[in-house]
Structure formats: structure tokens, C-alpha cells
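Just so it is clear: chains get the letters A, B, ... in the order the sequence lines come, proteins before strands, and each one is counted from 1.
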Amino acid sequence: MKIATWNINSIRARMEHLLVWLRETNPDVVLLQETKVTDDQFPTEPIEDLGYNLAVHGQKSYNGVAILSKSPIEDITMGLPGNGDDSQARYIEAVIHNVRVASIYVPNGQEVRSEKFQYKLNFLDHLYNHVKQLLTYEEAFVLGGDYNIAFTDQDVYDPEHRRERILCSTPEREALRKTLYLGLTDGLRAMHPLGTPKGQELYTWWDYRAGSWQNNQGFRIDHLLLSPQAADRLQGADVDRDVRGQEKASDHAPVWCEV
DNA sequence: ATGGTAGGGATCCTA
């Protein structure tokens, strides 16, 4: 089962990219973030024509998550449990073929110590509690998404420049590591131990600004986090880096794993 | 410290 996560930065702006990538890479499950569209406006038909079922949780202009799957999608949950009746569409969870999956769009946080940063930490706290609950089921699960956090300095092009700034600060890293250390596996890193050659770093996001892509100034902030039962079956994982180099690309590249 | 780009949709917000 090939499970991919991709922040597409608007489903409507990226529809052709998505369809080409689906045809070329043929994932079984796709976890999308930043669809930026209400559910009634979601362009479902061209995706269904490729044989995918859909579960969408969107809103106008911002955020929005979705699950695409060739197999039936069961037990759909919208919204991060415990996060109240949140107006921000950042979490959708479902069960596919006895594997629980989630598409997660962790708040960016904008600036450390800002109000938005506090919202990010609160979200991560709720995610921690929810993962703790999920682990009690002792099932295979894969939580994919744009976590907006680079776990370590090896996941950042210029860690000194980014020291204690957003995506890299200690409070957000600690908040996400706390969840990881409950017993999850960072799927991509598990398949690519530290020490990748220059130019082949596992970055997943390159800012549109300042020629970040051209200069390979990237970050690894999109992750696939696996439960022990899923990690035991992990066969491979990688970044579809070439996607980022296309015309009118999303600023994120897809990340996938095979379980 | 600033500003660089993109998307949505409204003349600015979010990333």
C-alpha cells in the first residue's frame, strides 16, 4: 500500500499537476493539505475518473485537507479530536484497508511567541493526546501531513540562520518530538538515515521567495509518522522532488511511503 | 532587519 502526503497549495490551482502525478506514481492513498476550497467546490470528478474515492474537509480560502483512496474510505473523522469546534479545517482521519490514516495541516505559527504560534502549540498538544489514544488500539496507522516543523538541524538548509525561528524553534520541536517519542516512526528518515549527500537532502518544502528552489534552500517539514504496527511493515519512503521543479508547482513536494 | 513569491479573493491575509 503506497501512501503519499502532499501540500498542494490550492487544489484548483494544482489540479493538472495532481492528475499527472497520480497517473505517473499511482499511489493507493493520498493525503492532501491546503486544498483552499469548500467541500461543495472541490473538483471531485477528474479524481474519481482515475479510480479514487474522496473524503474532503475544507473551508473557503485557507487550509483544507482531503483523503484520496482507491479502496473504500471508512470511519471518517473531520477535525482534530479535542480541538473543540475549530473553524480551521486542518485534520481528517479515516480507515482504509484496516490502516488508519490522517491528513494533517499543522498551523504554520507565523512568528515564535505570536498568538498564531500559541495556536500551533495548542494544536500539537491536542495531536499528542489524540495519538496517545490511537496507540491504545495497537493498530497500523500512518499520520501524514504538513507539520510545519523540521525535526532537526539536518532537516534545514541553513540551521544557524533559522535558529529559534518558525519551523525550527525549540518549543515547537519539543511539542512534536513528544508525540514522536510516544513510539511513532518518522517514515522518511527511517528509510534515509542521516548523512545524505549534498543536493540530495530530504527537503519537502522550498519557499517561493528568494530563489529558494533554485538554490536548494529547503526544509523537511512534511512527514509520515507511523505506528509500530505500520513501521514493522515499512518497505520504502521517498520525496517526489522533481514535482517541485515543474512550472507553477506547489511549494511542497509529495512524500510517500510503502507499507 | 527586510523583502523576496504565490494563492485566494478582496483591495489584504496567510504562508
Side-chain angles (χ1 to χ4, degrees), chain A residues 5-21 31-44 46 56-66 80 83 86-92 103-124 127 144-151 155-169 171-173 175-176 203-223 239 241-255:
Chain A
T5 180
W6 189 13
N7 179 323
I8 47 168
N9 187 19
S10 169
I11 183 77
R12 287 178 291 191
R14 222 68 60 201
M15 200 55 184
E16 287 312 309
H17 293 78
L18 175 64
L19 295 174
V20 168
W21 174 78
L31 310 166
L32 296 176
Q33 301 87 38
E34 280 210 89
T35 53
K36 292 187 172 179
V37 72
T38 52
D39 295 352
D40 59 309
Q41 299 274 312
F42 197 104
T44 55
V56 298
H57 177 44
Q59 67 181 89
K60 193 179 171 188
S61 309
Y62 305 114
N63 311 313
V65 285
L80 179 59
N83 207 28
D86 195 345
S87 60
Q88 301 190 24
R90 296 178 175 276
Y91 189 95
I92 186 167
S103 178
I104 310 175
Y105 180 41
V106 173
N108 171 282
Q110 206 159 62
E111 196 99 48
V112 177
R113 283 178 295 274
S114 68
E115 208 170 290
K116 290 195 173 72
F117 186 71
Q118 193 53 51
Y119 183 82
K120 181 179 198 173
L121 294 181
N122 289 344
F123 185 95
L124 291 166
L127 183 63
D146 175 1
Y147 285 79
N148 267 315
I149 296 170
F151 279 114
D155 300 321
V156 183
Y157 75 97
D158 184 354
E160 284 313 321
H161 178 242
R162 299 294 307 187
R163 188 70 61 209
E164 294 309 327
R165 293 172 67 184
I166 205 68
L167 314 182
C168 304
S169 75
E172 59 196 294
R173 278 182 170 171
L176 186 56
Y203 302 148
T204 66
W205 174 72
W206 297 258
D207 202 309
Y208 284 124
R209 297 166 291 190
S212 299
W213 168 250
Q214 289 76 10
N215 300 312
N216 194 28
Q217 296 174 335
F219 296 72
R220 190 172 75 94
I221 57 174
D222 300 86
H223 307 296
V239 182
R241 191 189 168 95
D242 294 349
V243 171
R244 180 61 179 85
Q246 296 171 339
E247 281 292 308
K248 296 294 249 170
S250 164
D251 44 354
H252 295 254
V255 181

Review point. Within a strict 4.5 Å, meaning less than it, do heavy atoms of the A/Phe219 and A/Arg162 side chains meet?
Key: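 SC-SC contact between A/Phe219 and A/Arg162 confirmed.
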In whole Å, what is the span from the [atom1] atom of [X] to the [atom2] atom of [N]?
{"X": "A/Tyr119", "N": "B/dA15", "atom1": "OH", "atom2": "P", "value": "10 Å"}
{"X": "A/Lys248", "N": "B/dG8", "atom1": "NZ", "atom2": "P", "value": "9 Å"}
{"X": "A/Asp251", "N": "B/dG4", "atom1": "CG", "atom2": "C1'", "value": "14 Å"}
{"X": "A/Glu34", "N": "B/dG9", "atom1": "CD", "atom2": "P", "value": "13 Å"}
{"X": "A/Lys36", "N": "B/dA6", "atom1": "NZ", "atom2": "P", "value": "12 Å"}
{"X": "A/Gln41", "N": "B/dG7", "atom1": "CD", "atom2": "C1'", "value": "15 Å"}
{"X": "A/His252", "N": "B/dT5", "atom1": "NE2", "atom2": "P", "value": "18 Å"}
{"X": "A/Asn9", "N": "B/dA15", "atom1": "CG", "atom2": "C1'", "value": "8 Å"}

Check your understanding: Going by distance alone, is a donor N or O of one side chain under 3.5 Å from an acceptor N or O of the other, for A/Asn9 and A/Lys36?
Key -> yes
Does [X] have a side-chain nitrogen or oxygen under 4.0 Å from the phosphate oxygens OP1 or OP2 of [N]?
{"X": "A/Lys60", "N": "B/dG7", "result": "no"}
{"X": "A/Lys116", "N": "B/dC13", "result": "no"}
{"X": "A/Arg209", "N": "B/dA15", "result": "no"}
{"X": "A/Arg90", "N": "B/dA15", "result": "yes"}

Check your understanding: Is atom CD of A/Gln246 surrounded by more than 12 heavy atoms (other residues, nucleotides or ligands) closer than 6.0 Å?
Key ->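 Yes, the 6.0 Å shell around CD holds more than 12 heavy atoms from other groups.
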Review point. Mapping A/Gln110 and A/Ile11 to their closest nucleotides on DNA chain B, which lands nearer the 5' end?
Key: A/Ile11
Exercise for review: Between A/Tyr208 and A/Ser61, just flag the one whose closest nucleotide in DNA chain B comes earlier from the 5' side.
Suggested key: A/Tyr208
Expressed in whole Å, how much space separates the [atom1] atoms belonging to [N] and [M]?
{"N": "B/dT5", "M": "B/dG9", "atom1": "P", "result": "22 Å"}
{"N": "B/dT14", "M": "B/dA10", "atom1": "C1'", "result": "14 Å"}
{"N": "B/dA1", "M": "B/dA15", "atom1": "P", "result": "22 Å"}
{"N": "B/dA6", "M": "B/dT2", "atom1": "P", "result": "23 Å"}

Check your understanding: What nucleotide, of B/dC13, B/dA15, B/dA6, holds the atom closest to the side chain of A/Tyr62?
Key ->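 So the nucleotide nearest the side chain must be B/dC13.
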Exercise for review: Ignoring the backbone of A/Arg165, work out which of B/dA15, B/dA6, B/dG3 is nearest its side chain.
Suggested key: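 Nearest to the side chain of A/Arg165 among the choices is B/dG3.
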Check your understanding: So, does A/Asn148 use its side chain to make a donor-acceptor pair with the main chain of A/Val106 at under 3.5 Å?
Key -> yes
Review point. Just how far is it from atom CD of A/Gln88 to atom CG of A/Asn63, taken to the nearest 0.5 Å?
Key: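 One gets 5.0 Å once the value is rounded to the nearest 0.5 Å.
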